[in-house]
Colleague: 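Sharing a structure here in structure tokens format.
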Amino acid sequence: MTETAPQLFIGNRNYSSWSLRPWLCLRWAGIAFRERSIELDQPGYGAEGIAEILAISPSARVPVLLADGVTIHDSVAISEWAAEVAPAPGLLPPNRALRAEMRSVVAEMHAGFPHLRRDLPMNLRRRCTARDLPPETLRDIARIDTMWRTARSRFGAAGPFMFGRRSMADAFYLPVATRFRTYGARLSPESEAYAATLLADTDFHAWEAAIAAEPHRLFSRAPIDSLYADPA
Ligand SMILES: N[C@@H](CCC(=O)N[C@@H](CS)C(=O)NCC(=O)O)C(=O)O
């Protein structure tokens with residue numbers, strides 16, 4: 001790979017769902033890129049104050065892609081860049097109406113589901129059962145279940161992904177499938193089948209394998225690893 005290869009800066013693979021999404025899009029698009037990992041568990045976390053991130057990201061957040069001589073500092077922008085550079089794999093469906101529907105669910109994920117993100121943060125290593133979830137979080141889960149079930153009933157004949165063929169929507173909801181696995185959320189059979197399709201992705205397995213190779217350290221700046229633990 002040359003020094004001009006795109007560089008993707010990501011956060012901890014175990015926790016950073018915003019990093020995983022464009023990373024999957026770049027892999028699915030077949031784009032060669034250099035990867036740089038930044039530890040999120042350090043001073044400034046949660047306050048957009050991590051010095052290493054500030055040095056490369058105008059938003060003080062990761063993911064960031066350095067490519068084409070510019071800084072692309074958002075998961076959707078990076079994923080859209082990947083889809084433009086390599087249109088053939090179909091990250092953006094060629095049909096305009098389908099593309100608009102796909103962008104709607106990507107935007108819904110990117111801008112929404114705050115309660116799901118608060119109560120079921122991505123934690124790939126963890127397995128536990130979420131307890132006493134508030135109604136607003138149950139509503140987020142129910143909305144996603146309906147989204148997945150409806151899409152699968154409409155596009156099932158075209159393939160096993162949300163819109164039949166694999167697209168950017170699948171990269172945006174794969175981290176959600178991991179949250180449902182981590183916290184034991186119950187879904188409709190159609191959504192369970194779709195989540196299993198996402199979790200079987202070979203690029204995602206490569207991402208998970210890299211976590212298994214890292215030293216196991218619990219996150220100290222937010223209670224992600226102790227959520228729903230039995231009281232000592
Ligand atoms: N809207 C951004 C969100 C990115 C984001 O929140 N990144 C987190 C890590 S997953 C971050 O960099 N946090 C640094 C901090 O909180 O200081 C995107 O879609 O890329």
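Atoms within a ligand are numbered from 1 in the order they appear, just like the ligands themselves.
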Colleague: Please tell me whether Y194 and Y173 form a close aromatic pair, meaning their ring centres lie under 6.0 Å apart.
Modeller: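 They do not qualify: ring centres at least 6.0 Å apart.
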Colleague: Going by side-chain contact (heavy atoms from CB on, under 4.5 Å), name the residues that satisfy it together with L218, two or more places apart in sequence or in a different chain.
Modeller: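 Checked L218 against side-chain contact (heavy atoms from CB on, under 4.5 Å); matches are H216, D225.
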Colleague: Just do the side chain to side chain contact (heavy atoms under 4.5 Å, CB included) check on M168 and R103 with the steps written out, would you?
Modeller: CA-CA 8 Å; M168 198 185 291; R103 282 188 166 124; over 6 Å; no
Colleague: Within 45 degrees of the axis of the six-membered ring of W207 and under 6.0 Å from its centre: does R27 put its NZ or CZ there?
Modeller: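 So R27 doesn't make the cation-pi contact.
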Colleague: When you compare the side chains of D145 and S188, does any donor N or O come within less than 3.5 Å of an acceptor on the partner?
Modeller: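 Yes, side-chain donor-acceptor contact under 3.5 Å.
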Colleague: With no hydrogens and no angle check, just 3.5 Å: does a side-chain donor-acceptor pair link W81 and D68?
Modeller: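 On atom types as modelled, these side chains qualify, holding a pair under 3.5 Å.
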Colleague: So if I only count non-hydrogen atoms and take anything under 4.0 Å from ligand 1, which residues does that give, chain by chain?
Modeller: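 Lining ligand 1: S16, W18, L40, G44, Y45, G46, A47, E48, R61, V62, P63, D74, S75, H110.
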